[in-house]
Amino acid sequence: MNIFMRRFSPEMGQDQTKQQIEKGLKLYQSNQTDKALHVWTKVLEKTSDPGGKFRVLGCLITAHSEMGKYKDMLKYALDQIDTAREMEDPDYLTEGYLNLARSNEKLCDFQKTVSYCKTCLNMQGTTVSLQLNGQVCLSMGNAYLGLSVFQKALESYEKALRYAHNNDDKMLECRVCCSLGNIYVQLKDYEKALFFPCKAAELVNDYGKGWSLKYRAMSQYHMSVAYRKMERLPDAMECCEESMKIALQHGDRPLQALCLLNFADIHRCRHDVDLCTLKVHCLSEGIYRSQGQQEELREQVVKFLQCVEELELYCGMCGESIGDRDQKLQALPCSHIFHLKCLQTNGTKGCPKCFKSSMKPGFV
């Protein structure tokens with residue numbers, strides 16, 4: 001009887017669909033991604049409301065984009081455009097084609113991205129769909145940048161910026177500024193490459209109180225890249241660490257990957273390749289730990305400890321690693337390095353490692 005009832009359970013109506021979508025959004029915004037995906041998947045299976053189905057597919061598209069699962073993102077985008085075609089609504093069709101364009105942009109199929117963006121711009125929708133044109137131009141600009149067609153990319157970004165200003169859309173303006181930073185990095189105008197993400201960061205500070213943290217993370221990442229190109233490496237490291245921190249909190253795996261690559265480039269510029277390896281292992285460990293991937297986590301912990309052992313980057317008293325986070329250290333005249341707190345609790349007057357008598361701090 002229970003099996004029969006489950007098989008023929010009533011479908012979700014419009015109100016219930018809306019409630020469950022909102023429930024999933026609250027879970028997602030509190031970083032409970034798996035629970036949010038479970039709620040949305042159930043809605044997708046049970047809803048009888050086409051508008052609700054379209055909206056929940058949009059939520060799944062966004063979530064899988066931020067998880068870096070671009071093939072799944074494309075699958076849901078295709079389902080969404082089919083739903084929009086059934087509804088025969090130009091506004092839904094415009095949004096559906098925009099999500100198809102974004103999915104193909106993430107998968108680096110830039111020709112398809114441009115094609116879908118042109119379809120969006122040719123749609124005769126209402127004011128709602130016209131408000132999406134700025135996002136369409138942004139996606140088209142990103143595609144042209146991927147194809148190295150710089151002039152068309154700049155033209156598209158300029159149009160997107162115009163739409164953002166006309167609609168007072170600060171979020172779109174922030175995203176366009178980050179993309180402009182990216183194009184000027186490639187064109188090697190590093191002053192402009194820094195100016196635009198700094199402008200994005202200003203927008204986040206001035207208007208972004210209720211925005212997703214990803215906007216701050218995105219602007220900090222692009223600032224870090226520009227600082228690195230200008231050889232302002234301490235600034236680059238500070239911005240990249242801030243971006244990585246938010247990306248880990250938000251579960252933004254594509255941004256985590258970009259930050260890891262940027263960390264490697266910063267350390268390469270400093271010529272401290274060994275410390276770069278240590279940093280990558282340390283950050284990878286944090287990513288796998290937050291994702292609950294135990295096998296990969298164990299592998300990174302082993303690699304991290306091996307790197308620490310090879311570089312002798314550990315305190316001679318407590319045995320904990322040195323160089324993976326901000327800590328107060330003290331070097332002795334014998335060049336052995338310890339945590340300052342460990343030395344302060346040491347009852348002897350000699351070096352705890354080589355037992356030389358002088359405990360007078362060295363110059364470093």
Side-chain angles (χ1 to χ4, degrees), residues 14 17-18 21-22 25 28-29 49-66 73 76-106 112-145 152-180 196 199-200 202-204 206-216 218-219:
Q14 189 174 6
T17 297
K18 184 178 179 180
I21 291 174
E22 292 299 326
L25 283 170
Y28 188 71
Q29 288 163 0
D49 173 39
K53 182 180 179 182
F54 183 91
R55 190 179 173 208
V56 78
L57 283 165
C59 294
L60 288 165
I61 289 165
T62 300
H64 283 85
S65 173
E66 294 185 353
M73 179 188 180
Y76 288 120
L78 290 167
D79 289 345
Q80 191 185 51
I81 198 67
D82 288 342
T83 303
R85 285 171 180 154
E86 290 172 9
M87 298 169 71
E88 297 181 345
D89 185 305
D91 290 337
Y92 284 114
L93 281 167
T94 301
E95 187 175 341
Y97 278 118
L98 173 58
N99 282 327
L100 268 179
R102 287 172 171 166
S103 302
N104 282 282
E105 178 196 328
K106 297 297 185 183
K112 281 187 178 179
T113 302
V114 171
S115 177
Y116 284 128
C117 285
K118 288 180 177 178
T119 301
C120 288
L121 294 174
N122 290 330
M123 296 290 296
Q124 298 297 317
T126 64
T127 307
V128 175
S129 61
L130 290 175
Q131 288 176 348
L132 294 176
N133 283 352
Q135 298 180 42
V136 174
C137 290
L138 173 59
S139 189
M140 184 179 283
N142 292 340
Y144 279 131
L145 181 57
K152 287 188 175 181
L154 280 170
E155 287 173 2
S156 297
Y157 291 145
E158 188 177 340
K159 288 178 182 178
L161 212 51
R162 197 178 302 129
Y163 278 116
H165 290 156
N166 291 341
N167 296 322
D168 197 28
D169 188 340
K170 301 300 182 185
M171 285 187 185
L172 175 60
E173 186 179 351
C174 178
R175 292 168 59 200
V176 176
C177 285
C178 287
S179 289
L180 283 167
F196 284 106
K199 175 65 175 174
E202 286 178 14
L203 289 167
V204 173
D206 293 344
Y207 302 99
K209 188 175 180 180
W211 296 5
S212 166
L213 284 172
K214 68 180 180 181
Y215 289 95
R216 176 169 176 78
M218 185 169 55
S219 62

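Heavy atoms only: backbone and side chains are in, while hydrogens, waters and symmetry mates are out. Counting from 1, the numbers follow the sequence of the chain as shown.
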On a heavy-atom basis, the closest approach of Ala200 and Cys178 is CB-SG, 3.9 Å
Are Arg162 and His165 close enough that some pair of their side-chain heavy atoms sits under 4.5 Å apart? no
At what distance, to the nearest 0.5 angstrom, does CD of Glu95 lie from CD1 of Ile81? 9.5 Å
Smallest separation among heavy atoms of Leu25 and Cys59, with atom names: CD2-SG, 4.1 Å
What distance do Leu161 atom CG and Cys177 atom SG have between them, rounded to the nearest 0.5 Å? 6.0 Å
Would you please name every residue forming a side chain to side chain donor-acceptor pair (under 3.5 Å) with Thr113, sequence neighbours left out? none
Using atom types as modelled and distance alone, determine if a side-chain donor or acceptor of Ser139 lies under 3.5 Å from a backbone N or O of Val136. no
Quick one: pull up CG in Asp82 and CZ in Phe54 and give me the separation to the nearest 0.5 Å. 11.5 Å
Under the salt bridge (Lys or Arg N to Asp or Glu O under 4.0 Å) test, residues paired with Glu22 that sit two or more places apart: Arg55
Set of residues satisfying ring pair (Phe, Tyr, Trp, His ring centres under 6.0 Å) with respect to Tyr28, sequence neighbours excluded: Trp40
Just do the side chain to side chain contact (heavy atoms under 4.5 Å, CB included) check on Leu172 and Asn167 with the steps written out, would you? CA-CA 10 Å; Leu172 175 60; Asn167 296 322; over 6 Å; no
Heavy-atom pair of closest approach, residues Gly51 and Tyr92: CA-OH, 4.2 Å
With Cys120 as partner, the option from Leu132, Asn133, Leu98 fulfilling side-chain contact (heavy atoms from CB on, under 4.5 Å) is Leu98
Partners meeting side chain to side chain donor-acceptor pair (under 3.5 Å) with Gln80 (sequence neighbours left out): Asn99
Any side-chain heavy atom of Arg175 within less than 4.5 Å of one from Tyr215? yes
Just say parallel, tilted or perpendicular for the rings of Tyr76 and His64, cut-offs at 30° and 60°. tilted
Of Glu105, Lys118, Lys152, the residue whose pairing with Met140 passes side-chain contact (heavy atoms from CB on, under 4.5 Å): Lys118
Heavy-atom pair with the smallest gap, counting every atom of Ala160 and Gly134: CB-O, 3.4 Å
Taking side chain to side chain donor-acceptor pair (under 3.5 Å) as the test, write out the residues that go with Lys106, two or more places apart. none
Calculate, to the nearest 0.5 Å, the distance between atoms CG and CE belonging to Leu203 and Met171 respectively. 11.5 Å
May I ask you to test the Leu138-Ser179 pair for a side-chain heavy-atom distance under 4.5 Å? yes
If you count heavy atoms of other groups shown closer than 6.0 angstrom to NZ of Lys170, is the number above 12? yes
For Gly52 and Thr17 the tightest heavy-atom approach is CA-CG2, 3.7 Å
So Tyr116 and Ser103, do their side chains get closer than 4.5 Å, heavy atoms only? no
Contacts of type side-chain contact (heavy atoms from CB on, under 4.5 Å), residue Ala153, not counting sequence neighbours: Tyr144, Leu145, Tyr157, Ile183
pair Lys53-Leu57: side-chain heavy atoms closer than 4.5 Å: yes
Is there a side-chain contact between Tyr163 and Asp169 in this structure, where contact means two heavy atoms from C-beta onward sitting under 4.5 Å apart? no
